[in-house]
Amino acid sequence: MKSLKRNLLALAIAGTPFAAQAELQPIDDARMGSITGQAGVTIELETKVNIGEFVYTDEGSLSIKDISIGGANRTDLFEEITDPAIRNLAFGTTSDLIDNIKIEIDVASDGDAIINVWPITAAPIDFGVKTGEWSLQGTTDSTLLANNFSMVGAITKMRLRVDTATDTLNLDTEVGISDLDVDIPFLAVGIRDLKLTGDQYLENPSILTLGAKVNMDIYNGQRADGTDALAVDLNTFNADMTIGEVLVGGTSIGSFTLDNLSVQNTSLRIYGHP
């Protein structure tokens, strides 16, 4: 974990996106001992997860091999942010762990559960995900869907709330992808340098704008015939997206940019079938 001195310096420089931490003050041991009955639980976390193979089986199966989830372990995230002081504080320390995480859990007077995921320091929570082969397996044949999947990015905000009045889980987050690469062999397609950021990032690349805004509700809903289904309502998705290179048959066909992408009022109903 980083020192308190670095925490306070980072908070002073980064400011707005982590305002919820801005009023924290260090207290001495005597004062700490006199504080009792404080609400909620705080968890500080660092972790790395490796999975040799994930297999989903129906009649055939979907296999994903060599899954690794951890820190980005890179100092070049969101390289468009040019201020060296901000970049050093945000991404100057590399690690293959997901760290710098503080999870605050509270239960409100109305029974709602509130979970906030904050950075311990003002630096965004960087992450990295890599996998090997994604394949479909039948009794006699198989298809290689994807390979060489690699994604790095950062989370600047995450809040979950379970509303007891509506039995709804609300997820409100800001997450950015600095670089995503993947090969899709069965289509002879490759994606290089995909970047997903906030919808103002292309105009003003900064720590304040790097996160795409996502807000969704998850609950027990109904499908068309009136029976139960997992309901996912995407209330807000605002982002900029660029793809540095699209390969078809091993040859680049150019790059793409989506500026001010907005997806709203989108509903999904997910359920099993015979």
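Partners of Ser61 according to the side chain to side chain donor-acceptor pair (under 3.5 Å) rule, which considers only residues two or more places apart in sequence or in another chain, do not exist here. Partners of Thr266 by side chain to side chain contact (heavy atoms under 4.5 Å, CB included), not counting sequence neighbours, listed by chain and number: Leu234, Val263. With sequence neighbours excluded, no residue satisfies ring pair (Phe, Tyr, Trp, His ring centres under 6.0 Å) with Phe127. For Tyr201, there are no ring pair (Phe, Tyr, Trp, His ring centres under 6.0 Å) partners at least two apart in sequence or on another chain. With sequence neighbours excluded, no residue forms a side chain to side chain donor-acceptor pair (under 3.5 Å) with Thr242. With sequence neighbours excluded, the residues forming a side chain to side chain contact (heavy atoms under 4.5 Å, CB included) with Leu171 are Met158, Leu160, Thr173, Met216, listed by chain and number. Not a single side chain to side chain donor-acceptor pair (under 3.5 Å) links Gln200 to another residue, sequence neighbours left out. When the salt bridge (Lys or Arg N to Asp or Glu O under 4.0 Å) test is applied to Glu79, the partners found at least two apart in sequence or on another chain are Lys195. Residues meeting the side chain to side chain donor-acceptor pair (under 3.5 Å) test with Arg192, sequence neighbours left out: Asp183. Remark: Asp179 pairs with Arg74 by the salt bridge (Lys or Arg N to Asp or Glu O under 4.0 Å) rule, at least two apart or across chains.
The backbone N or O of Thr164 lies less than 3.5 Å from a partner atom in the side chain of Asp112, making a donor-acceptor pair. Using a distance-only test at 3.5 Å, with no hydrogens or angles considered, no donor-acceptor pair links the side chain of Ser63 to the main chain of Glu53. Here the side chain of Arg161 pairs no donor or acceptor atom with the backbone of Thr168 at under 3.5 angstrom. Within the 3.5 Å criterion, the main-chain N or O of Thr75 finds a donor-acceptor partner in the side chain of Arg87.
The two residues Ala90 and Ala123 come nearest to each other via the heavy atoms O-CB, 3.6 Å. The two residues Leu180 and Phe149 come nearest to each other via the heavy atoms CD1-CE1, 4.0 Å. Asn147 approaches Val182 most closely through the heavy-atom pair O-CG2, 3.8 Å.
Using a 3.5 Å distance cut-off with no hydrogens or angles, the side chains of Asp233 and Tyr219 do pair a donor with an acceptor.
Judged as a side-chain hydrogen bond (donor to acceptor under 3.5 Å, both in side chains), the pairs with a partner in residues 126-138 (not counting sequence neighbours) are, in order, Thr131-Trp134, Ser135-Gln137. For residues 56-112, the set of pairs meeting the ring pair (Phe, Tyr, Trp, His ring centres under 6.0 Å) definition, not counting sequence neighbours, comprises Phe78-Phe91.
For the atom pair CE (Met241) and CG (Leu258), the distance works out to 4.5 Å, reported to the nearest 0.5 Å. Remark: Ile69 CD1 to Lys48 NZ distance equals 11.5 Å, nearest 0.5 Å. Interatomic distance, CG of Asn204 versus OG1 of Thr209, reported as 5.0 Å (0.5 Å rounding). We find the CG-CZ distance between Asp66 and Phe54 to be 14.5 Å, quoted to the nearest 0.5 Å.
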In sequence, state the C-alpha distance, the side-chain angles, and the governing distance for Asp181 and Asn148, and then conclude on side-chain hydrogen bond (donor to acceptor under 3.5 Å, both in side chains).
CA-CA 7 Å; Asp181 300 324; Asn148 303 318; over 6 Å; no
Run the side-chain hydrogen bond (donor to acceptor under 3.5 Å, both in side chains) test on Asp217 and Asn235 for me, step by step, so that the C-alpha distance in whole Å, both residues' side-chain angles and the decisive distance to 0.1 Å come before the verdict.
CA-CA 7 Å; Asp217 291 323; Asn235 305 315; 3.2 Å; yes
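Hydrophobic clustering (side-chain heavy atoms under 4.5 Å, transitive across Ile, Leu, Val, Met, Phe, Trp, Tyr) keeps Leu247 apart from Phe186.
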